[in-house]
Amino acid sequence: MTDLQNSELPRTVLVTGGAGFIGSALVRYLLTKTTAKVVNVDKMTYAANPLTLETLLRIRQHQHIQVDICDEKAMADIIDETAPDIVIHLAAESHVDRSIDGPADFVRTNILGTYTLLEVVARYRRERAAPELKDLRFVNVSTDEVYGSLGPDKQFFEESAYNPNSPYAATKAAADHLTRAWHTTYGLETIVTNASNNYGPYQFPEKLIPRTIIRALLGQSIEVYGQGTNVRDWIHVDDHAEALWLAAVKGRPGRTYNIGAESECQNLDLVRRLCAILDDNCPEAAPHGRHIAFVADRPGHDHRYALNPSRIQKELGWQPSISFDDGLRSTVSWYLENRTWWEPLLEKSYDGGRLGQNIQ
Ligand code: NAD
Ligand code: TYD
């Protein structure tokens, strides 16, 4: 992936949120494609399935520490003890609908948690003052949702104005601004990445693609918000993981990189495509599309996201390698073959129901 020599590559990478959907894809990527030791800091909230970590924990190169990123003392001790070369920060409350029902956890983890990490990392770099620590990098993993909502055309660029609409997006925007400020003010080598909607294996069932697959398999209504005309721009999580590593090791400090695969799709079209793939895989239950139901729209629902990824393509040579069609097919297969991963979640942490309607 990278033309760096082995001696130049980071030896220890601290990943926050590495038990979640994207974090675990990044940890798997690092453990298979690099020789780095991976320190995985994750509080194990409702969004972290212990089964995601099961096989990774057998690998000696990987260490999981269950801790809250808002715990400054614990985070300072971990940074001191593990001496990372790079921190890749993904831990967050990540679901828009939950942020509508209860924004407090989002403000705490996404804003206060990011601030805490920046402080701890900047202080460690300052106080240790070893020459090699000058290169200590901090990557803040963020979303295209900070840019707000688009009409039928145009794309988001790195220079686009921030215009977050949901509580989730607003807290991610705050974290991006804090990260940038720690670069300009304290000289920390920070990079911000803004990615489009991710899909793939190990995604928690509250998000559109796994929720649709699971509810269709269970013969439940497939809930499309509003008229299903909202557009999302999709990227496979493994393509995102590779782009994150590239941005971490080769990105320019102080810079922002958009990460997207230019795969736009209207929600209704996407749900229909998933149903058609399920029809191929489970013809006895076809047509799955008969379960599609239009439900009340999400409050403040962003109409369209579309990300222009030309900066990371031109400057860092990144290209996505998984087509949307192949990625959707392999994702459906994964959920069909891994019921033991998602079935317990429906009993323990999420009943599969509608979220984001709890407003006065
Ligand atoms: P996720 O909800 O699947 O995982 C988040 C992880 O963070 C979980 O393992 C959780 O236990 C952990 N966590 C939450 N609060 C914590 C805390 N206080 N301390 C320590 N750990 C904590 O989320 P995801 O979809 O994997 O997203 C990861 C990151 O990527 C987030 O920062 C998100 O904003 C960003 N992002 C997500 C998408 C997407 O489509 N999912 C797109 C762009 C950016
Ligand atoms: P989601 O996966 O929650 O991601 P985000 O809100 O971060 O884009 O939702 C993706 C799109 O799908 C969004 O426009 C809301 C819509 N949606 C539905 O129509 N039905 C659902 O059951 C869910 C969860 C989302």
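Side chains are part of it too, since the values below use all heavy atoms of this structure and drop only hydrogens, waters and symmetry mates. Count residues from 1 along the sequence. Note that ligands are numbered from 1 as they come in the structure, with each ligand's atoms numbered from 1 the same way.
The heavy atom nearest to atom 5 (C) of ligand 1, considering only Ala92, Ala169, Ala47, is found in Ala92.
Remark: ligand 1 atoms within the under-4.0 Å shell around heavy atoms of Ser142 are 43 (C), 44 (C). Atoms of ligand 1 lying under 4.0 Å from at least one heavy atom of Asn197, given by number and element, are 40 (O). Annotation for ligand 1: atoms under 4.0 Å from non-hydrogen atoms of Ser196 are 42 (C), 43 (C). Contact atoms of ligand 1 toward Thr45: 10 (C), 11 (O), 13 (N), 14 (C), 15 (N) (distance under 4.0 Å to a heavy atom of the residue). Residue contact check: Lys172 has heavy atoms under 4.0 Å from atoms 31 (C), 32 (O), 33 (C), 34 (O) of ligand 1. Residue Val141 has at least one heavy-atom neighbour below 4.0 Å for each of these atoms of ligand 1: 30 (O), 32 (O). Per-residue contacts place Val67 under 4.0 angstrom from the following atoms of ligand 1 (heavy atoms of the residue considered): 19 (N), 20 (C).
Cation-pi geometry between Arg98 and Tyr46 is met: the NZ or CZ atom falls under 6.0 Å from the ring centre, inside 45° of the normal.
In terms of protein heavy atoms, atom 29 (C) of ligand 1 is closest to Leu90 O, 3.2 Å. If you check which protein heavy atom lies closest to atom 19 (N) of ligand 1, you get Ile69 N, 3.0 Å. Protein heavy atom nearest atom 41 (N) of ligand 1, with residue, atom name and distance: Ile22 CD1, 3.7 Å. Here the heavy atom of the protein found nearest to atom 40 (O) of ligand 1 is Asn198 N, 2.9 Å. Counting protein heavy atoms only, atom 18 (N) of ligand 1 is closest to Asp68 OD1, 2.9 Å. Nearest protein heavy-atom contact of atom 1 (P) of ligand 1 is Ser94 OG, 3.6 Å. Of all protein heavy atoms, the one closest to atom 21 (N) of ligand 1 is Lys43 N, 3.1 Å. The protein atom (non-hydrogen) at minimum distance from atom 4 (O) of ligand 1 is Gly20 CA, 3.4 Å.
Between His89 and ligand 1, not a single N/O pair is under 3.5 Å apart. Residue-to-ligand polar distances keep His240 apart from ligand 1: every N/O pair is separated by 3.5 Å or more. An N or O contact shorter than 3.5 Å is missing between Arg108 and ligand 1 by distance.
Using a cut-off of 4.0 Å between Lys/Arg side-chain N and Asp/Glu carboxylate O, Arg298 and Asp97 are scored as salt-bridged. Between Arg128 and Asp80, at least one side-chain nitrogen of the basic residue sits less than 4.0 Å from a carboxylate oxygen of the acidic one, meeting the salt-bridge criterion. With respect to Glu189 and Arg252, no salt bridge is recorded, no charged nitrogen being found less than 4.0 Å from a carboxylate O.
Taking the six-membered ring wherever Trp is involved, the centroid distance between the rings of Trp342 and Phe204 does not fall below 6.0 Å. Aromatic rings from Phe324 and Tyr199 are positioned such that their centres are separated by under 6.0 Å.
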Pairs of nitrogen or oxygen atoms, one from ligand 2 and one from the protein, closer than 3.5 Å: please tabulate them with distances.
{"residue": "ligand 2", "atom": "2 (O)", "partner": "Leu208", "partner atom": "N", "Å": "2.8"}
{"residue": "ligand 2", "atom": "3 (O)", "partner": "His95", "partner atom": "NE2", "Å": "3.2"}
{"residue": "ligand 2", "atom": "3 (O)", "partner": "Arg298", "partner atom": "NH2", "Å": "3.1"}
{"residue": "ligand 2", "atom": "4 (O)", "partner": "Asn197", "partner atom": "ND2", "Å": "3.4"}
{"residue": "ligand 2", "atom": "6 (O)", "partner": "Arg298", "partner atom": "NH1", "Å": "2.5"}
{"residue": "ligand 2", "atom": "6 (O)", "partner": "Arg298", "partner atom": "NH2", "Å": "3.1"}
{"residue": "ligand 2", "atom": "7 (O)", "partner": "Glu145", "partner atom": "OE2", "Å": "2.5"}
{"residue": "ligand 2", "atom": "8 (O)", "partner": "Asn197", "partner atom": "ND2", "Å": "2.9"}
{"residue": "ligand 2", "atom": "8 (O)", "partner": "Arg232", "partner atom": "NE", "Å": "2.8"}
{"residue": "ligand 2", "atom": "12 (O)", "partner": "Asn267", "partner atom": "ND2", "Å": "3.4"}
{"residue": "ligand 2", "atom": "14 (O)", "partner": "Arg232", "partner atom": "NH2", "Å": "3.2"}
{"residue": "ligand 2", "atom": "14 (O)", "partner": "Asn267", "partner atom": "ND2", "Å": "2.9"}
{"residue": "ligand 2", "atom": "14 (O)", "partner": "His301", "partner atom": "NE2", "Å": "2.6"}
{"residue": "ligand 2", "atom": "19 (O)", "partner": "Tyr225", "partner atom": "N", "Å": "2.9"}
{"residue": "ligand 2", "atom": "20 (N)", "partner": "Glu223", "partner atom": "O", "Å": "2.7"}
{"residue": "ligand 2", "atom": "22 (O)", "partner": "Arg211", "partner atom": "NH1", "Å": "2.7"}
{"residue": "ligand 2", "atom": "22 (O)", "partner": "Glu223", "partner atom": "O", "Å": "3.3"}

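Looking at Thr109 against ligand 1, only its side chain comes within 4.0 Å, counting heavy atoms.
Tyr225 OH: more than 12 foreign heavy atoms inside a 6.0 Å radius.
Ring geometry, Tyr162 versus His177: the interplanar angle falls from 30° to 60°, so the pair is classed tilted.
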